[in-house]
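This report refers to the structure that appears directly beneath it.
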Number of protein chains: 2
Amino acid sequence: MEKRLEQKHRALLEEAERQSIAPTDNIRACFELLALTGAIDRDCAVRLARHRLSEGKFVLMFLLHDKPDGLSPHELAARAGVTRATITGLLDGLERDGFIARRAGLDDRRKIAVILTPVGQEMASDLFREHAQWVASLFEGFTVNERKTLSGLLQRVWRNLDAANRRLGPDVDGSG
Amino acid sequence: MEKRLEQKHRALLEEAERQSIAPTDNIRACFELLALTGAIDRDCAVRLARHRLSEGKFVLMFLLHDKPDGLSPHELAARAGVTRATITGLLDGLERDGFIARRAGLDDRRKIAVILTPVGQEMASDLFREHAQWVASLFEGFTVNERKTLSGLLQRVWRNLDAANRRLGPDVDGSG
DNA sequence: GCCATATAATATGGTGCCTAATTTTCGTCA
DNA sequence: TGACGAAAATTAGGCACCATATTATATGGC
């Protein structure tokens with residue numbers, strides 16, 4: 001398995017080769033990218049699961065780790081990039097496991113303040129350090145130039161992605 | 001937003017910078033990678049959703065598109081890289097939407113054969129062509145060397161990922 | 001023929017994410 | 001003061017994934 005691809009991607013790629021309907025080197029490149037980040041995500045999940053945490057929960061704890069007065073679910077949603085409804089679910093789990101507490105809002109009673117418990121505090125600090133070191137380790141041995149090269153190539157994929165979206169048209173939600 | 005990062009990653013990165021506990025350029029590189037594939041996955045989901053399909057369902061339909069005798073859920077699970085239980089759910093949706101049919105097995109009555117309906121057949125062909133072209137378009141403008149460079153850099157991340165896993169130890173499932 | 005065991009598919013229940021409704025509260029305006 | 005719209009959190013319902021039962025079928029040993 002020199003070039004790692006997931007099963008599903010491998011099948012698609014082979015078929016594209018067989019039908020030769022698109023540049024298969026490009027497809028391969030895309031799947032290599034997808035397979036790698038898929039693996040990173042999986043490993044990340046495994047690491048976090050050892051502490052009864054998911055990535056979403058970890059981000060919330062991280063967001064709270066230096067906020068003694070807490071943040072509202074609304075703010076957490078904005079900073080974590082998920083909806084408020086999702087935050088509610090994550091908070092339920094974190095509260096059940098004793099990592100956070102919900103406090104009634106003082107000035108605005110619609111808001112609640114989410115704060116880390118002492119247990120949560122400790123977990124957050126340890127985990128953040130561990131996690132950051134792991135993430136950094138993935139690019140161990142890369143020179144400045146190599147990182148720049150990678151970044152530049154990725155930027156170009158971004159642009160192609162945007163271009164494809166523009167071709168699709170802005171009115172995507174047509175219920176047809 | 002020149003270097004696109006998701007909210008959550010941006011926050012982690014800034015904190016890592018503040019605490020300087022790990023090489024933040026590496027962390028940034030990792031997050032750029034994650035953000036890009038996150039965007040690709042999202043766009044992919046949007047494209048497929050226009051046809052009432054998810055990525056998982058698309059892969060199943062693709063796997064079936066040249067198998068007139070069908071495949072069993074077991075085989076589909078193996079080739080798609082998900083569990084049989086997941087396949088059951090995906091097939092339920094595909095059957096409800098009229099894309100596939102379940103046929104009782106002939107030789108082994110525990111097995112069932114999943115086949116595409118004519119509607120499913122047509123959908124699968126169209127979609128495969130469209131999807132392959134979209135995926136290929138993401139690397140439009142890349143030279144052979146650029147693709148090689150990218151692939152090589154990605155391979156090195158794979159190796160770092162493996163190394164990190166080895167450091168974590170093989171006995172990861174300890175119920176601690 | 002009958003039992004133990006293996007295998008196929010599904011059911012159940014959990015997680016994380018979503019969108020859309022719903023409830024509570026706030027602020028404003030008449 | 002009361003009505004109304006906006007905002008905060010939650011609930012409800014859906015999807016995709018998982019692990020772990022559960023049920024039906026097959027197979028080998030006796």
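Chain letters run A, B, ... following the sequence lines, proteins first and then strands; every chain starts at 1.
A centroid separation of 6.0 Å or more is found between the aromatic rings of B:Phe128 and B:His131.
As judged by a 4.0 angstrom heavy-atom cut-off over every strand, B:Arg96 is placed among residues touching the sugar-phosphate backbone only. Using a 4.0 Å heavy-atom criterion, one finds that B:Thr86 contacts the bases of the nucleic acid, with or without backbone contacts as well. B:Ile87 comes within contact range of no nucleotide atom at all, as no heavy-atom separation falls under 4.0 Å. Using a 4.0 Å heavy-atom distance criterion, B:Arg42 is classed as making no nucleic acid contact. Within 4.0 Å (heavy atoms only), B:Gly89 reaches no atom of the nucleic acid at all.
Both the sub-6.0 Å distance and the 45° axial angle are satisfied by A:Arg156 relative to the ring of B:Phe142.
Regarding B:Ile112, its CD1 atom lies at a distance of 13 Å from the C1' atom of D:dA24, rounded to whole Å.
Closest to the side chain of B:Asp108, from the set D:dC17, D:dA26, D:dA9, is D:dA26. Side-chain proximity of B:Lys111 to the nucleotides C:dA20, C:dA9, D:dA9 is greatest for C:dA9.
Side-chain to base pairing of B:Arg109 with D:dT25: no donor and acceptor N or O lie closer than 3.5 Å to each other.
Both B:Leu48 and B:Met61 are members of a single hydrophobic cluster when ILVMFWY side chains are connected at heavy-atom separations under 4.5 Å.
The main-chain N or O of A:Leu33 is found under 3.5 Å from a side-chain atom of A:Thr37 such that the two form a donor-acceptor pair.
Judged by closest nucleotide on DNA chain C, A:Ser54 is the one of A:Arg84 and A:Ser54 placed further toward the 5' end.
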